[in-house]
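Worksheet: the structure to be examined is printed underneath.
Just so it is clear, the structure is predicted and the values come from calculations on it, not from any experiment.
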Amino acid sequence: SRSQTAYAMFPLVIAVFPWLVLLLVAYLLLTEPPKELDSTSWRSSFVFLIGRVFLRACVRRQGVLSPGWAVEGDKVKMDEDAKRNLSAVWRGWRLDPDVFARYCQACGISPPSNPGSASASDPFLYPETLFLRHMIAIITSTSFPFSSLGLIHLRQTVETHCTLSDLLAARCDLCCGVCDMRATDKGFEIDMKCDVHDVASGRILWSAVTTLLSRNKTTVEKQGKSSRAHEASQPFSGDIDSYTGKHLDVPDG
């Protein structure tokens, strides 16, 4: 009967399942994210990239350079091949006005009534949301020397070189890559440069540098013990305004 056949197949399924999982894990580890991202490619999907985040974290350490990398002074040596391997690009992107309007609504800000005005050229962070896929592809690359988990966003600089109307009209390439890595007391800082290039003119319309920290846990724990002992001998005393932090309930974009 069918039920007997199903019961007979059950031990076989149990025996084969672990091997299928191992093959899937090996495939994800050995399959590199693409350097050119594409919405039609499954290797550019968040499902594939997030899966690699956890798998690559198993073979890399936080705040410790993987073999093959060297430090000169406080700088991690990076040749052109290393920079090329730690980069990603999305070609032919166009800004969707409807998606941008929803972004403004979610952040509690109003889109410029006149996209071509001078105020519309002030730095804005919407393009940064487009580079999340790039950054995940880079930190899960086999060329990335640190764990893909535990990275801390330290700081960021943004430059806008156009008005919003320029960005709305342009067809762009979204380019992202590691431009610098350096050793610090708390681990290693990684600078990622993000650029929005106008395909027609070749000029940069928007750019940002995001600095991430890969902490060295051993160093941080030692510093933490000494700093906690110091703080215990100098307790803080003062008044804090009751409104402090409440404006963060709604992101300002």
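A donor-acceptor pair under 3.5 Å is absent between the side-chain atoms of Asp173 and the main chain of Val196, judged by distance alone. Looking only at distances, a side-chain donor or acceptor of His134 sits under 3.5 Å from a matching main-chain atom of Leu174. Not a single donor-acceptor pair under 3.5 Å links the side chain of Glu159 to the backbone N or O of Ala208. Listed for the Asp166 side chain is no donor-acceptor partner under 3.5 Å among the backbone atoms of Cys162. Judged by distance alone, with hydrogens and angles left aside, the side-chain atoms of Arg133 form a donor-acceptor pair with the main-chain N or O of Ser44 at under 3.5 Å.
Residues Met181 and Glu189 have side chains not in contact (no heavy-atom distance under 4.5 Å, counting atoms from C-beta outward).
With sequence neighbours excluded, the residues forming a side-chain hydrogen bond (donor to acceptor under 3.5 Å, both in side chains) with Glu128 are Gln156, listed by chain and number. Qualifying side-chain hydrogen bond (donor to acceptor under 3.5 Å, both in side chains) partners for Asp38, counting only residues two or more places apart in sequence or in other chains: Thr40.
The cationic atom of Arg60 (NZ for Lys, CZ for Arg) does not lie both less than 6.0 Å from the six-membered ring centre of Phe144 and within 45° of the ring axis.
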Practice problem: Could you go through the side chain to side chain contact (heavy atoms under 4.5 Å, CB included) check for Arg43 and Arg52 one step at a time? | Solution: CA-CA 10 Å; Arg43 289 196 303 140; Arg52 280 188 60 87; over 6 Å; no
Quiz item: Can you check salt bridge (Lys or Arg N to Asp or Glu O under 4.0 Å) on Asp195 and Lys193, steps first, answer last?
Solution: CA-CA 7 Å; Asp195 292 327; Lys193 194 170 192 303; 2.7 Å; yes
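Between the OG atom of Ser214 and the CZ atom of Arg61 there is a distance of 10.5 Å, given to the nearest 0.5 Å.
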